[in-house]
Amino acid sequence: MIELSNITRHFQVGDQEVRALDGVDLHIPAGDYVSVMGPSGSGKSTLLNMLGLLDRPTGGTYLLEGRDVTTLDEHEQAQTRRERIGFVFQAFHLVPYLTAKENIELPLVLGGVAPEERQKRVATALEELGISNRGDHRPEELSGGQRQRVAIARATVTHPAILLADEPTGNLDRRSTADVMERLERLWRGGLTLIVVTHDPEIGNRARRCVRMVDGRIESDEPGRAPE
Amino acid sequence: MAQRDFIRLVFASISSHRLRSGLTALGIAIGIAAVVLLTSLGAGLREFVLAEFSQFGTRIIGINPGRTMTHGTPVGLFGSSRPITIEDALALETVPGVESVMTYSGGNAEVEGPDRSRRTMVHGVGSAMPEVFKMAVQSGSFLPPEDPRTARSFAVLGSKLRRELFPDGSALGARVRVGGERYRVIGVLEPKGEMLGLDLDDGIFIPTARAQALFNRDGLMEIDIIYGEKTAVVEVVKNVKRAMIARHGQEDFTLTTQEQMIDVMGNILNVLTFAVGALGGISLLVGAVGVLTIMTIAVGERASEIGLFRALGASQRQILALFLAEATVLASVGGVAGLALGSGGAALLHALVPAVPVDTPWSYAVLALVVAGGVGILAGILPARRAARLDPVEALRAE
Ligand SMILES: Nc1ncnc2c1ncn2[C@@H]1O[C@H](COP(=O)(O)OP(=O)(O)O)[C@@H](O)[C@H]1O
Ligand SMILES: [Mg+2]
């Protein structure tokens with residue numbers, strides 16, 4: 001499903017070249033559950049943004065579902081993001097002036113999905129994440145855990161193939177962390193390819209596969225505990 | 001994205017930033033209000049002045065001594081122009097197309113009644129004056145048609161002068177002195193009101209020849225001609241000009257048609273209206289800069305929201321459209337508010353000070369709205385493009 005070969009991403013900072021990704025080879029089959037760990041600044045987020053087509057590599061090739069996506073134009077990339085990829089962020093990134101429902105609906109709205117279909121999908125997503133009674137609340141009225149659940153619902157309402165989560169529990173307390181991870185893993189069991197960036201080994205080790213990054217390179221790639 | 005959803009999203013965003021949206025719209029509203037108010041005053045003034053002019057009727061041609069160089073044609077030697085005379089006026093009466101001819105010469109003089117006197121305008125006119133200037137006689141009669149060179153010492157009073165000189169009695173048949181000479185009052189005019197600050201009711205009307213003698217003048221100040229309703233102005237002008245040149249040997253006079261005058265006046269006042277409108281346009285420009293500034297700030301503040309939209313699959317074009325629509329909606333809302341404010345203000349001004357003529361030209365108002373929308377698009381395009389071009393990764397990192 002995901003095939004990265006010799007991916008590099010360089011940033012020019014002043015006259016210094018920062019190699020955020022420095023030759024990454026990675027193969028992730030459909031339905032895998034991968035955690036990406038490593039020290040701060042090792043390139044985890046850059047890798048995730050690359051996978052999500054928010055960023056373009058400086059070099060190398062990226063095949064997504066067999067298609068070279070680095071050569072797609074901006075419009076095609078946006079469409080691929082909309083249809084195949086879901087994002088969950090550490091900072092939730094809910095739109096403050098939209099209700100939970102409207103936030104979840106947003107990618108469907110952007111994609112031009114008809115209202116009746118949207119209604120159905122949003123209701124299902126709300127139910128799956130156990131926040132049906134919070135649909136009409138605005139983000140500011142929700143707890144951190146609830147906000148992240150709304151964000152997960154929003155990321156999956158389009159039925160994407162891949163869910164990319166960058167430190168999804170970074171802003172959450174223990175209880176919410178456990179809850180959010182369980183939700184994500186339940187979605188993975190449903191067939192979603194799940195990739196989670198984290199610096200928390202306890203979370204990282206839950207994955208089926210643990211990728212460790214250092215200085216823009218993959219240092220190790222080992223099986224994790226893997227949840228049932 | 002469906003159009004309905006697009007609109008809903010734009011309005012959700014606008015109404016979520018109430019203060020900012022309000023201020024943005026206000027900038028445009030003030031600009032539009034200024035344009036509408038100022039052009040209302042300008043157009044009001046135009047209407048007013050034109051009405052003042054046309055109260056005399058429009059089939060008048062004026063002849064004045066001297067040649068004004070309107071077409072850059074060189075005139076004869078300086079000072080070679082001859083005065084226009086009562087004889088000229090008599091000759092013009094037979095010119096084809098001419099209906100009636102009136103001579104005019106006037107000035108200021110002391111008018112003495114039986115117990116009061118007053119310094120006022122003395123109009124030396126011909127018997128055709130009521131017809132030419134559309135003035136009516138209230139009592140008695142106007143100056144009789146007789147040979148203007150030997151006209152008798154009759155006088156007709158304006159209504160206000162009548163009140164001043166004869167506060168409690170009829171003036172008909174009474175004797176007044178104008179510049180020391182005795183006149184018999186044979187009529188009083190109906191009130192006509194002011195014309196461009198000149199109070200026509202405060203004056204006395206005597207035969208032209210007598211006024212010329214009084215003020216010691218050779219020539220007339222003006223000859224006014226009324227031409228027939230079915231006659232073409234250009235025809236009459238041509239005929240009158242030919243007749244006058246035949247008498248004077250050269251074109252040492254100026255013809256002005258009332259039509260021309262109203263045209264010229266109208267043009268001047270149009271320019272004036274446009275100029276004050278442009279002045280209001282400056283505040284509209286300030287409003288536009290306001291939209292530009294606030295939208296630019298908004299793009300900065302909402303960077304992470306923009307990044308999120310991109311992550312959720314919004315294309316650059318969608319982001320551009322959203323921000324552009326926001327600016328346009330804000331400007332248009334401001335435009336509508338400004339239109340209400342401006343025309344309301346104009347109406348209020350007129351209600352409070354009725355002397356101030358106002359007329360809200362709806363064509364300008366519609367134009368103002370279109371301009372407001374256009375300003376929104378123009379002022380919104382730069383920030384919207386900035387929003388669309390934000391690097392989504394950077395944008396998501398912004399807090
Ligand atoms: N836009 C950028 N400009 C310059 N340097 C950047 C930029 N984005 C990331 N970097 C650098 O790339 C490296 C990897 O960053 P990142 O992927 O965010 O690390 P992580 O998520 O593992 O903490 C860091 O050294 C960071 O400073
Ligand atoms: Mg990171």
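All chains are named by letter (A, B, ...) in the order of the sequence lines, taking the proteins before the strands, and each is independently numbered beginning at 1.
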Begin with the C-alpha distance, continue with both residues' side-chain angles, and end with the deciding distance and a verdict on side-chain contact (heavy atoms from CB on, under 4.5 Å) for B/V393 and A/M50.
CA-CA 10 Å; B/V393 176; A/M50 196 70 63; over 6 Å; no
Apply side-chain contact (heavy atoms from CB on, under 4.5 Å) to A/L106 and B/L9, showing your working.
CA-CA 9 Å; A/L106 197 51; B/L9 209 50; 4.1 Å; yes
Salt bridge (Lys or Arg N to Asp or Glu O under 4.0 Å) between B/D391 and A/R56, worked out:
CA-CA 11 Å; B/D391 173 20; A/R56 283 174 192 268; over 6 Å; no
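If you tally non-hydrogen atom pairs under 4.5 Å between each of B/A2, B/G307, B/A314, B/S15 and chain A, the highest count goes to B/A314.
Contacts between A/R138 and chain B at a heavy-atom distance below 4.5 Å are absent for every atom of the residue.
Nearest heavy atoms, B/L312 versus A/R154: CD1-CD, 3.7 Å. For the pair B/A12 and A/L98, the tightest heavy-atom approach, listed with the atom from each and the gap, is CB-CD2, 4.1 Å. Across all their heavy atoms, A/V109 and B/M1 have their closest contact at O-CG, 3.4 Å.
Residues B/R310 and A/Q77 are not in side-chain contact: their nearest non-hydrogen atoms beyond the backbone lie 4.5 Å or more apart. When side chains are defined from C-beta on, B/R397 does not count as touching A/F89, because their heavy atoms never get closer than 4.5 Å. Side-chain contact between A/F87 and B/L308: absent, with no pair of heavy atoms (C-beta onward) separated by less than 4.5 Å.
Here A/Y97 contributes atom OH and B/R18 contributes atom CZ; the two are 13.5 Å apart, rounded to the nearest 0.5 Å. To the nearest 0.5 Å, atoms CD (A/E74) and CZ (B/R317) are separated by 10.0 Å. Between the CD1 atom in B/I319 and the CG atom in A/L110 there is a gap of 7.5 Å [rounded to 0.5 Å]. Note that CD of A/E76 and OG of B/S315 are 12.0 Å apart. Values are rounded to the nearest 0.5 Å. Residue B/L396 holds its CG atom at 4.5 Å from NE2 of A/H93, rounded to the nearest 0.5 Å. The line from CD of B/Q316 to NE2 of A/H75 is 10.0 Å long, rounded to the nearest 0.5 Å.
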